[in-house]
Amino acid sequence: MKKLIVGNWKMNPQSWDEARDLAGSVKRTMSRVKKTQVVLCPPFVYISPLSGKVGGGLFLGAQDANPLALGSYTGEVSYSQLYQFGVSFVIVGHSERRKMGETDELINKKIKSVISGGMKAIVCVGESTRDHNGEYFGFVKNQIILALKDISKKSIDQIILAYEPIWAIGASASMSPRDLHEMSIFIRKVLRDLYGVFADDVRILYGGSADRVNADSLVKDGNVSGLLIGRESLKSKDFVEIIKLVDAI
Ligand code: PGA
């Protein structure tokens with residue numbers, strides 16, 4: 001299975017010119033990238049003008065989607081509207097959205113809409129703090145079980161699981177590859193208990209202060225299939241370097 005690098009632009013960049021340049025430099029790099037898929041998740045307004053840039057291993061993703069197809073929901077954008085503009089991945093349940101009030105129930109509903117709409121869901125899970133008793137394992141397991149409730153074995157290959165410990169997002173350092181390795185094995189076990197051999201179709205990503213210095217080791221030693229990147233995905237030089245480093249693994 002190919003590795004995956006996801007750039008979560010959040011509410012950036014400020015201008016369309018910067019967004020176009022950023023996507024352009026990633027697009028140019030893709031001709032030399034063989035084993036890695038890259039997903040750019042810009043704010044909604046940049047999705048339509050960027051839809052011409054996808055292809056050749058580069059995909060467009062959304063940072064959220066309303067699970068309903070249409071209706072009177074001021075300010076919302078539906079998953080089916082996004083699909084028409086070439087969006088093939090949707091981030092669901094990012095901790096910044098959970099903080100705004102998204103429940104496990106809503107996240108489960110969104111995942112179901114995304115996959116029934118023919119797109120892949122990048123499902124974010126992760127604890128806010130680590131305790132000495134390892135209770136965070138149970139927390140992450142519960143988040144996974146609730147997010148994937150009633151999602152069948154048949155659809156599980158449309159799920160990507162992004163483990164993002166909240167304490168490492170936007171922080172000065174990522175988690176250690178060693179701790180990540182432990183967590184990735186745990187997540188794989190949770191998925192196998194739920195889906196048997198089908199669980200192996202799920203790519204596990206890591207997110208939280210990944211950069212060009214730690215990217216290689218996080219993926220290799222952390223035993224994950226790729227990275228979900230915030231800040232560094234806005235620096236074209238660094239982001240392109242991360243893509244190349246991961247592709248070379
Ligand atoms: P960061 O963000 O790479 O800036 O830590 C990751 C994320 O929020 O997905």
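What's counted below: heavy atoms across the whole structure, side chains too, no hydrogens, waters or symmetry copies. Each ligand, and each atom within it, is numbered from 1 in the order the structure gives. Owing to the predicted nature of the structure, the values given are computational and were not obtained by experimental measurement.
- Across Q63, K10, R231, heavy-atom proximity to atom 8 (O) of ligand 1 is greatest for K10.
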Side chain to side chain contact (heavy atoms under 4.5 Å, CB included) evaluation trace for D201 with Q158: CA-CA 9 Å; D201 292 336; Q158 282 168 269; over 6 Å; no

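- Those atoms of ligand 1 with a heavy atom of L228 less than 4.0 angstrom away are 9 (O).
- For ligand 1, the polar-atom distance check against G207 finds no nitrogen or oxygen pair separated by under 3.5 Å.
- Contact between E232 and ligand 1 is absent, with no heavy atom of the residue lying under 4.0 Å from the ligand.
- Contact annotation: for N8 versus ligand 1, heavy atoms closer than 4.0 Å belong to the side chain alone.
- The distance from ligand 1 to the heavy atoms of S209 drops below 4.0 Å at these ligand atoms: 1 (P), 3 (O), 5 (O).
- At most 12 non-hydrogen atoms from other residues, nucleotides or ligands lie less than 6.0 angstrom from CD of E105.
- Scanning the protein for heavy atoms near atom 3 (O) of ligand 1, the closest one is G230 N, 2.9 Å.
- Every N/O-N/O distance between G208 and ligand 1 stays at or above 3.5 Å.
- For ligand 1, the atoms lying closer than 4.0 Å to a non-hydrogen atom of H94 are 7 (C), 8 (O), 9 (O).
- Shown are Y136, F137, F139; of these, the ring-ring contact (aromatic ring centres under 6.0 Å, His included) with F186 is made only by F137.
- Taking every heavy atom of both residues into account, Y195 and L148 meet most closely at OH-O, 3.3 Å.
- Ion pair K149/D104 not flagged as a salt bridge, since none of the NZ, NE, NH1 or NH2 atoms sits closer than 4.0 Å to an Asp/Glu carboxylate oxygen.
- Protein heavy atom at the shortest distance from atom 9 (O) of ligand 1 is E164 OE2, 2.7 Å.
- Expressed to the nearest 0.5 Å, how far OG1 of T36 lies from CD1 of I249 amounts to 8.0 Å.
- Environment of NZ in K10: crowded, with over 12 heavy atoms of neighbouring residues, nucleotides or ligands closer than 6.0 Å.
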